[in-house]
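These notes concern the structure reproduced below.
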There are 2 protein chains.
Amino acid sequence: MSTAPAPRREIPDATVARLPVYLRVLRTLLADGVDVVSSEELAEAAGVRSAGLRRDLSYLGSYGVRGVGYDVARLADEIARELGLTQDRFVAIVGMGNLGHALAAYSGFATRGFEVRWLVDNDPAIVGTQIAERCVVALEELTRQDPDGLIVVIATPPAQAQDVADAVVAMGVRSILNFAPCVLTVPDGVEVRKVDLATELQILAFHEQRGRDDLREVNP
Amino acid sequence: MSTAPAPRREIPDATVARLPVYLRVLRTLLADGVDVVSSEELAEAAGVRSAGLRRDLSYLGSYGVRGVGYDVARLADEIARELGLTQDRFVAIVGMGNLGHALAAYSGFATRGFEVRWLVDNDPAIVGTQIAERCVVALEELTRQDPDGLIVVIATPPAQAQDVADAVVAMGVRSILNFAPCVLTVPDGVEVRKVDLATELQILAFHEQRGRDDLREVNP
DNA sequence: AGGCGCTTGTGAACACCGGCACAAAGTCGC
DNA sequence: GCGACTTTGTGCCGGTGTTCACAAGCGCCT
């Protein structure tokens with residue numbers, strides 16, 4: 001089954017976080033008919049330095065050709081394989097409020113290889129209705145499904161997020177994307193990534209203030 | 001107006017990214033009537049180690065009392081001040097598709113001190129309509145406003161994101177939160193943070209695959 | 001066939017960050 | 001007033017990530 005000798009190298013987290021960006025850029029290039037790209041060009045398009053890009057790619061193996069560059073299609077395949085996108089991945093969105101609703105209708109998941117298969121809510125008034133051409137089910141229903149390759153997106157109010165996390169961890173889910181502004185406690189082996197919109201704004205606010213203060217120092 | 005001598009210390013990015021979390025936890029504690037908290041308790045609630053928390057807070061100054069802990073209200077104020085939340089901050093959301101729509105209706109902004117003041121779209125069929133009790137305006141209208149303290153959220157399709165960024169940078173905006181899956185190029189002094197949902201899923205997919213591979217090694 | 005120019009892959013130095021462990025400093029009880 | 005206890009703030013170190021700079025390798029041209 002394995003097509004390559006599997007370098008089985010340890011890939012740093014920082015590199016893993018950038019691989020999806022490279023993959024997106026590569027697929028854009030592919031759609032534009034570009035078949036070879038240099039690290040300089042790819043780095044420019046991905047918003048990183050070329051040296052860092054080459055080091056990132058070196059963790060995957062030696063897929064570049066010196067004096068030429070990287071084969072776009074080949075490199076895209078290798079990154080997709082490393083990210084585990086060769087097998088099917090499914091998404092369940094829990095919490096059909098404003099955000100969950102928007103995520104259910106968001107087309108960006110499907111175009112990047114993720115099928116939104118379950119929409120979940122506990123409000124009896126919502127369970128059974130259709131959202132984005134999919135039927136909303138109760139959490140109990142979800143927990144009876146196969147957790148293999150399933151990623152759960154939590155878009156509930158913060159008060160219910162931990163309960164949802166506990167339930168899906170119990171059914172065997174090991175990947176959670178949390179939009180609720182709260183800290184989730186999960187056992188080892190379960191990966192949680194959080195997206196907190198207000199936090200992002202506050203980080204921006206800090207930098208904007210610092211920029212203004214710096215300006216004030218030279219311009220009192 | 002400055003109550004403290006302004007330590008003017010350099011705060012590491014990693015610390016800045018955690019301050020909003022501390023602030024959120026502190027305000028929850030405050031609402032529960034807790035007025036003093038130890039680094040151990042606060043770290044537990046924030047999902048970090050106590051030593052790291054103390055180091056983070058030490059960049060703000062010495063606001064703890066040895067043998068006792070931190071005054072919750074005082075510490076929350078200091079963090080809010082450091083994050084620049086003492087002055088009013090406004091948000092403009094550009095792109096009223098699924099995501100923009102949900103963000104406009106999302107209550108989490110207001111509760112964390114950000115007022116969504118402008119909703120923007122270029123579709124003439126949408127401009128002038130009401131979303132979440134606010135009138136949608138054209139991008140031209142936004143660029144005539146005062147950029148001071150304004151944060152622009154880009155929720156357009158990727159093809160238009162760079163144009164929007166160029167326009168708001170030209171009007172003087174220095175903080176952008178980008179939801180479009182593309183790289184934005186901006187001048188120095190402009191801060192861009194990106195939130196890419198598909199990227200987050202791909203990172204989770206990688207870790208899930210790695211976990212499965214690791215399992216296979218001991219369980220062939 | 002051989003040299004030349006271009007690009008990759010990586011060794012090494014550097015900056016950053018997280019954690020341990022402990023001294024400094026404050027409170028509480030008597 | 002003083003000693004014991006508690007908790008903060010920080011010096012130090014190991015690991016991680018990033019950048020520079022260059023040798024190695026590949027294709028092209030003559």
Side-chain angles (χ1 to χ4, degrees), chain A residues 4-5 7 9-22 25-26 29 34-76 78-79 82 183 188 203 206-207 210, chain B residues 4-5 7 9-19 21-22 25-26 29 34-72 74-76 78-79 82 203 206-207 210:
Chain A
R9 234 182 298 195
E10 202 62 33
I11 300 185
D13 286 346
T15 295
V16 173
R18 284 184 291 265
L19 288 180
V21 179
Y22 303 154
V25 173
L26 285 168
L29 291 174
V34 180
D35 49 347
V36 171
V37 69
S38 72
S39 65
E40 201 72 48
E41 297 164 325
L42 188 52
E44 162 76 19
V48 300
R49 310 268 179 166
S50 63
L53 172 73
R54 289 198 300 274
R55 184 169 297 278
D56 283 343
L57 297 183
S58 75
Y59 291 116
L60 307 183
S62 284
Y63 297 124
V65 179
R66 295 170 192 237
V68 178
Y70 298 90
D71 181 291
V72 176
R74 171 87 188 283
L75 189 54
E78 293 297 341
I79 293 178
E82 198 64 50
V183 177
D188 285 351
I203 295 170
F206 170 84
H207 285 111
R210 196 184 53 163
Chain B
R9 233 181 298 196
E10 203 60 36
I11 302 185
D13 285 345
T15 295
V16 173
R18 283 185 292 265
L19 289 180
V21 179
Y22 303 153
V25 173
L26 285 169
L29 291 173
V34 179
D35 49 347
V36 171
V37 68
S38 72
S39 65
E40 201 71 49
E41 297 164 325
L42 188 52
E44 162 76 18
V48 300
R49 308 272 177 168
S50 63
L53 172 74
R54 290 197 298 274
R55 183 173 299 278
D56 284 342
L57 296 184
S58 75
Y59 290 116
L60 308 183
S62 284
Y63 296 124
V65 178
R66 295 170 192 235
V68 178
Y70 298 89
D71 181 290
V72 175
R74 170 87 188 283
L75 188 54
E78 293 298 340
I79 293 178
E82 197 64 49
I203 295 171
F206 169 83
H207 288 295
R210 194 185 53 164

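Model, not experiment: these values are computed from the prediction. Excluded from the calculations below are hydrogen atoms, water molecules and symmetry mates; all remaining heavy atoms, backbone and side chain alike, are included. A note on names: the letters A, B, ... follow the listed sequences, proteins ahead of strands, and every chain is numbered from 1.
Between B:L26 and B:V72 the shortest heavy-atom distance is O-CG1, 3.4 Å. Closest heavy-atom contact between B:Y59 and B:E10: CD2-O, 4.0 Å.
For the pair A:I11 CD1 and D:dT16 C1', the computed distance is 15 Å after rounding to whole Å. The distance from atom CG of B:D13 to atom P of D:dT18 is 12 Å, rounded to the nearest whole Å. One atom, CD of B:E78, and another, C1' of D:dG9, lie 17 Å apart when rounded to the nearest Å. For the pair A:L60 CG and C:dT8 P, the interatomic distance rounds to 14 Å; values are reported in whole Å. What separates CG of B:D56 from P of D:dT10 is a distance of 13 Å, to the nearest Å. The OH atom of B:Y63 sits 19 Å away from the C1' atom of D:dT7 (whole-angstrom rounding). Rounded to a whole Å, the OH atom of A:Y59 is 10 Å from the P atom of C:dT10. If you take CG of A:D71 and P of C:dT8, they are 13 Å apart, rounded to a whole angstrom.
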* To do: Going 5' to 3' through nucleotides 21-30 of chain C, assign each nucleotide B (protein heavy atom under 4.0 Å from a base atom), S (under 4.0 Å only from sugar-phosphate atoms) or - (no protein heavy atom that close).
  => B--BBSS---
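Listed by chain and residue number, B:S38 satisfy the side-chain hydrogen bond (donor to acceptor under 3.5 Å, both in side chains) test with B:E41 (two or more places apart in sequence, or in another chain). Contacts of A:V68 classified as side-chain contact (heavy atoms from CB on, under 4.5 Å), with partners at least two apart in sequence or in another chain: A:V36, A:V65. The side-chain contact (heavy atoms from CB on, under 4.5 Å) test applied to B:V16 returns A:I203, A:F206, B:I11, not counting sequence neighbours.
The stretch residues 56-71 of chain A participates, sequence neighbours left out, in these salt bridge (Lys or Arg N to Asp or Glu O under 4.0 Å) pairs: A:R18-A:D56.
For C:dG9, the OP1/OP2 oxygens have a side-chain nitrogen or oxygen of A:Y70 closer than 4.0 Å.
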* side-chain contact (heavy atoms from CB on, under 4.5 Å) evaluation trace for A:L75 with A:L42 -> CA-CA 11 Å; A:L75 189 54; A:L42 188 52; 4.1 Å; yes
* From CA spacing to verdict: side-chain contact (heavy atoms from CB on, under 4.5 Å), A:Y22, A:L57 -> CA-CA 10 Å; A:Y22 303 154; A:L57 297 183; 4.3 Å; yes
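The nearest heavy atom of DNA chain C to B:R55 and to A:G64 marks one nucleotide each, and the one closer to the 5' end goes with A:G64. Of the two residues near DNA chain D, B:L57 and A:R49, the one whose nearest nucleotide lies more 5' is B:L57.
Remark: B:S38, B:S39 in residues 38-46 of chain B come within less than 4.0 Å of DNA chain D through at least one heavy atom.
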Donor-acceptor pairs under 3.5 Å, side chain of residues 45-54 of chain A to any protein atom, not counting sequence neighbours: which ones?
from: A:S50; atom 1: OG; to: A:E40; atom 2: OE1; distance (Å): 3.4
from: A:R54; atom 1: NH1; to: A:S39; atom 2: OG; distance (Å): 3.0

